[in-house]
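Note sheet for the following structure.
All figures in this text were calculated on a predicted structure; none of them were measured in a lab. Naming convention: chains lettered A, B, ... in sequence-line order (proteins, then strands); numbering from 1 in each chain.
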2 protein chains.
Amino acid sequence: MLRLTTQRQVILEELNKVKTHPTANELYDMVRKRLPRIGLGTVYRNLELMAENGMILKIEVGGSQKRFDATTDSHYHIRCSQCGKVEDIDVPVITDLVKEASATSSYQIIGHHIEFTGICSECQKLLAESASHH
Amino acid sequence: MLRLTTQRQVILEELNKVKTHPTANELYDMVRKRLPRIGLGTVYRNLELMAENGMILKIEVGGSQKRFDATTDSHYHIRCSQCGKVEDIDVPVITDLVKEASATSSYQIIGHHIEFTGICSECQKLLAESASHH
DNA sequence: TTAAATAAGATAATTATTCTCATAATATTA
DNA sequence: TAATATTATGAGAATAATTATCTTATTTAA
């Protein structure tokens with residue numbers, strides 16, 4: 001069983017606080033405010049362990065960094081093409097998809113994930129502003 | 001307009017030859033058999049440029065490496081959880097999804113991508129073998 | 001209450017990718 | 001067509017993200 005150390009507890013709590021899905025480094029910055037001596041390696045190690053143990057979700061979407069999600073039940077994500085932020089999106093999970101895919105593929109299908117791409121409201125504003133200055 | 005140099009032509013041809021979607025490094029190995037003096041940087045640079053020009057597709061799925069696809073029209077992918085290989089999957093594109101997502105999200109939705117996860121037939125065999133040895 | 005196991009923090013190593021820059025190939029112009 | 005400007009290449013350095021190593025600290029179990 002995975003021991004719930006102070007570090008792990010704080011990482012988990014900080015992850016639960018946000019609705020965006022932070023990268024290991026973002027989480028490190030958040031956690032460091034409460035545990036200033038924690039190492040970046042500890043954050044990486046524990047995020048990985050907690051994901052393996054099904055306590056959190058590791059989401060691998062576009063962009064060069066892995067992101068983490070405190071919600072483990074199946075849902076989809078949207079990523080801002082401007083700032084890279086990733087959030088949940090409220091589109092019902094299509095349960096039939098795996099069945100449908102199994103019919104046409106030689107793979108033994110395990111699951112699926114949908115990643116939407118878009119522009120978040122903050123970036124929409126920024127873009128509108130910079131457009132108005134010509 | 002993007003000049004069609006020998007290097008670019010060979011990269012494109014090699015990418016067209018395979019149905020899996022190779023990483024830059026895999027493509028480098030393939031291309032190097034025909035152009036032994038080509039640099040890895042050239043492969044990266046040109047894949048990026050060709051993706052920007054819509055000649056190929058850069059696919060950012062799970063796993064730590066970007067992958068490239070000679071087919072540019074919208075379609076979905078499946079990734080083997082064992083070997084990491086990525087291939088096309090023959091599931092019809094759900095055109096309504098973007099509309100549906102727009103209704104519930106503050107994002108300005110641009111598009112979507114579905115990534116299936118599964119075990120490819122080669123890895124299924126390997127797993128069955130290793131299981132039979134207990 | 002000491003031995004064994006597990007975890008943390010510091011830092012080195014690795015991996016994937018991007019950048020820089022001198023040279024080479026190609027295109028444009030006088 | 002030679003001179004010049006433009007663009008691309010190859011080699012290697014630099015960077016970013018992540019993982020591995022290793023010593024010390026903390027926790028658990030005998």
Does the side chain of [Y] come within less than 4.5 Å of [X]'s, by heavy atoms?
{"X": "B:Ser81", "Y": "B:Ile119", "value": "yes"}
{"X": "A:Ile89", "Y": "B:Tyr107", "value": "no"}
{"X": "A:Val61", "Y": "A:His113", "value": "yes"}
{"X": "B:Lys66", "Y": "B:Leu47", "value": "no"}
{"X": "B:Ile56", "Y": "B:Leu12", "value": "yes"}
{"X": "B:Asn25", "Y": "B:Leu40", "value": "yes"}

With a 4.0 Å heavy-atom cut-off, tell me which residues in residues 55-71 of chain A come close to DNA chain D, sorted by residue number.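 Those residues whose heavy atoms fall under 4.0 Å from DNA chain D, taken from residues 55-71 of chain A in numerical order, are A:Ser64, A:Gln65, A:Lys66.
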
Can you give me the first and the last nucleotide of DNA chain C (5' to 3') that has an atom within less than 4.0 angstrom of a non-hydrogen atom in chain A?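 Nucleotide range with atoms under 4.0 Å of chain A: C:dT6 to C:dA10.
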
With a 3.5 Å distance limit and no angle check, can you tell me whether A:Gln108 reaches the backbone of B:Gln124 through a side-chain donor-acceptor pair?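 Side chain of A:Gln108 to backbone of B:Gln124, a donor-acceptor pair under 3.5 Å: no, none is there.
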
Examine distances only and state if a side-chain atom of B:Glu60 and a backbone atom of A:Gly63 form a donor-acceptor pair shorter than 3.5 Å.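 The answer is yes, because a donor-acceptor pair under 3.5 Å joins these two groups.
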
Among all residues two or more places apart in sequence or in another chain, which pass the side chain to side chain contact (heavy atoms under 4.5 Å, CB included) test with [X]?
{"X": "A:Ser102", "answer": "A:Val98, A:Ile109"}
{"X": "A:Asp96", "answer": "A:Lys99"}
{"X": "A:Glu26", "answer": "A:Pro22, A:Thr23, A:Arg67"}
{"X": "A:Arg32", "answer": "A:Tyr28, A:Asp29, A:Ile38"}

How would you list all residue pairs meeting side-chain hydrogen bond (donor to acceptor under 3.5 Å, both in side chains) that involve residues 10-19 of chain A, not counting sequence neighbours?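 For residues 10-19 of chain A, and leaving out neighbouring residues, the side-chain hydrogen bond (donor to acceptor under 3.5 Å, both in side chains) pairs sorted by first residue read A:Glu13-A:Arg34, A:Glu14-A:Lys17, A:Glu14-A:Arg34.
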
Residue pairs passing the side-chain hydrogen bond (donor to acceptor under 3.5 Å, both in side chains) test where at least one lies in residues 40-49 of chain A, sequence neighbours excluded: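 Sorted result for residues 40-49 of chain A: A:Arg8-A:Asn46, A:Glu48-A:Lys58.
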
Just how far, in rounded Å, is C1' of D:dG12 from OH of B:Tyr28?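 Rounded to the whole Å, the gap is 12 Å.
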
Using whole Å, what does the distance between atom P of nucleotide D:dT27 and atom CZ of A:Arg3 come to?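 Atom-to-atom, A:Arg3 to D:dT27, this comes out as 8 Å.
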
Counting only heavy atoms and a strict 4.0 angstrom limit, can you tell me which residues of residues 36-54 of chain B come near DNA chain C?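 Contacts with DNA chain C under 4.0 Å: B:Leu40, B:Tyr44.
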
Sub-4.0 Å heavy-atom contacts from residues 6-26 of chain B onto DNA chain C, ordered by number: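 None - not one residue of the stretch has a heavy atom sitting under 4.0 Å from the strand.
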
Please list, chain by chain and in numerical order, all residues satisfying side chain to side chain donor-acceptor pair (under 3.5 Å) with A:Asp88, sequence neighbours excluded.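 Once residues adjacent in sequence are excluded, the partners of A:Asp88 under the side chain to side chain donor-acceptor pair (under 3.5 Å) criterion are A:His21, A:His75, A:His77.
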
Difference in axis direction between the ends of the helix from C:dT1-D:dA30 to C:dA30-D:dT1, five pairs, 10°: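 The angle, to the nearest 10 degrees, is 20°.
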
